Number of protein chains: 2
Amino acid sequence: MEHLFRKIERRDTLTDEERRVLEQAVSQVIDLPARKLIVREKVQLDHSNLLLSGLVCRYKDLPDGQRQILEIHVPGDFLDMHSFLLKKLEHNVATLTPCRIAFFPHDRLKAISEEHPHLARMLWLGTLMDAAMHREWILSVGRRSAIGRLAHLFAELLIRMQIVGLASDSEYMLPLTQVDLADATGLTSVHVNRMLRELRDTGVMSLRDGRVVIEDLAQLHRLGGFDPGYLYLDKQPR
Amino acid sequence: MEHLFRKIERRDTLTDEERRVLEQAVSQVIDLPARKLIVREKVQLDHSNLLLSGLVCRYKDLPDGQRQILEIHVPGDFLDMHSFLLKKLEHNVATLTPCRIAFFPHDRLKAISEEHPHLARMLWLGTLMDAAMHREWILSVGRRSAIGRLAHLFAELLIRMQIVGLASDSEYMLPLTQVDLADATGLTSVHVNRMLRELRDTGVMSLRDGRVVIEDLAQLHRLGGFDPGYLYLDKQPR
DNA sequence: CGTAGAATTGAGCAATGTCAAATCACGTGG
DNA sequence: CCACGTGATTTGACATTGCTCAATTCTACG
């Protein structure tokens, strides 16, 4: 659970007691292969999932077969803490790579919300950061150019992977297909391919063999109009 | 606060005690004119705002002057409950029409989170529904056609206005300009104008003098690929 | 060696944007 | 009551971004 603790400690402080409560709220840990559905939309749920390792995405499908990825999750992210109160989801959650996942039964989360208000606020905070990322994602697909959307996505994931210790200054593993990237950015895979080539040809960054290598971070940020304010990286009591 | 209570009671039950606690958490009620900034991004906040009457939007601006509206708020919505834990926002909140707004100081919200866990979960739930609407918004701008985005927006607002008693079966007031609609849907105002004409010419709906009149709801839903599941309209203990 | 998924490329096209002008609605001052 | 000014809507002509379709190449793996 170290990834989760790192993520929280970046924004507030956890007591040892709170860490213990969180650890004891886990009922089960499972391993899943890549491309496996974790939560299907509209089914009643009795637990929330924490991603321990691997990459996961949330997505919605349209009747005509189009898909939109809503968020990409890195280790330390709760994948569906919102199901604790929503009881079911309106979208799907699936692995992108092989993953390890911890179950948090809703009744234990409820107990936390009754007995550990500060810890409950930390869980709430996590869902608020999801919403903040959603808003930035809306801005991306609504107003940024194709290359800007991709640049922004790679810039966001760089920071989020760094927070949990899974990225260096300029590199991280991102084994997504170009179809995945298209579904995340609201583009087609053909156009993603062309934009990736442009990023490569202009020396900004490359994505090869599932590894992102950033050569010119300033230019990547400029292309994506990237401002990390929406990730709320300041530590303070909440 | 009747609008808020109706909204909550649609998804769960509030005790009289909880209603009283909520009412007593208000420190101030103010009136604002149309087109007035309520919360500016990146400034420290000490209270959250509840919309009592009028329409409000949240939006982000890009350096090049483009704007993206992230959510449109109807009476009964908290405009920035997330600022309770985030402490500042990464986007702006502004009135679209003249509005009445109630202040909820963060220290009183904190007291609620310590002393009234169920009520705290209701507030949390509100932020989760914002996030669910964000996700549907991502799907709209990411994958729907221009006319589908508009149709979806009008269909969503119809239901949300109905819940708080501000829409009939087929009509509600929506005094937005075509520029506003463009900023909400990620289009240009010129194109919005053309799509609105198409909706009018095909007898689906019209928007005139700030009033939406829906003539063919089934067709509106079809065009927008509208499925209200994401609004979580089922009542159950949370 | 064969297969399947993924990446790449090219040619043509459609949806939406850009720019500019005309019209409309409405409140204000004369 | 009318002329004026401002913002909103509407329209036309044209440009562009990103999409579609189809073929080719690449890569991994049995």
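Order of the sequence lines fixes the chain letters, A, B, ..., with proteins taken first and strands second; residue numbering starts at 1 for each chain. It should be emphasised that the depicted structure is a prediction, and the values quoted were computed from it without experimental measurement.
Among the atoms of the strands shown, only primed sugar atoms or phosphate atoms (P, OP1, OP2) are found under 4.0 Å from some heavy atom of R200(B). G210(B) comes within contact range of no nucleotide atom at all, as no heavy-atom separation falls under 4.0 Å. At a threshold of 4.0 angstrom between heavy atoms, the contacts of S189(A) with the nucleic acid are absent.
To the nearest angstrom, C1' of dT16(C) lies 13 Å from CG of L150(B). For the pair Q178(B) CD and dC24(C) C1', the computed distance is 12 Å after rounding to whole Å. When rounded to the nearest whole Å, the span between CG of D180(A) and C1' of dG5(C) equals 12 Å. Taking atom CG on L181(A) and atom P on dT8(C), their separation rounds to 11 Å, with Å as the unit. In this structure, the CE atom of M195(B) is 9 Å from the P atom of dA15(C), given to the nearest Å. As a whole-Å value, the separation of Q66(B) CD from dT16(C) C1' is 13 Å. Between the CG atom of N193(B) and the P atom of dA15(C) there is a distance of 18 Å, given to the nearest Å. Rounded to a whole Å, the CG atom of L196(A) is 13 Å from the C1' atom of dA6(C).
When every heavy atom of A94(A) is checked against every heavy atom of Y59(A), the shortest pair comes out as CB-CE2, 3.7 Å. Counting all heavy atoms, side chain and backbone alike, V141(B) lies closest to I138(A) at CG2-O, 4.2 Å. Closest heavy-atom contact between Y230(A) and M133(A): CE1-CG, 4.0 Å.
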Let me check something: any side-chain donor-acceptor pairs from residues 191-202 of chain B under 3.5 Å, sequence neighbours excluded? List them with distances.
| unit_1 | atom_1 | unit_2 | atom_2 | d |
| --- | --- | --- | --- | --- |
| N193(B) | ND2 | Q178(B) | OE1 | 3.0 |
| T202(B) | OG1 | E198(B) | O | 2.7 |
| T202(B) | OG1 | L199(B) | O | 3.4 |

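Read 5' to 3', the first and last nucleotides of DNA chain D with an atom closer than 4.0 Å to a heavy atom of chain B are dA8(D) to dA13(D).
Between the side chain of N92(A) and the backbone N or O of E41(A) there is at least one donor-acceptor pair closer than 3.5 Å. In terms of modelled atom types and a separation under 3.5 Å, the side chain of D216(A) and the main chain of Q219(A) share a donor-acceptor contact.
Of the two residues contacting DNA chain D, namely V192(A) and R35(B), the nearest-nucleotide position lying further toward the 5' end is that of R35(B). Comparing R194(B) and T188(A) along DNA chain D, the residue whose closest nucleotide (by nearest heavy atom) sits nearer the 5' end is R194(B).
Side-chain atoms of A146(B) lie closest to dT16(C) of the nucleotides dT16(C), dT9(C), dA7(C).
A salt bridge between R160(A) and D77(A) is present, with a side-chain N of the basic residue lying under 4.0 Å from a carboxylate O of the acidic one.
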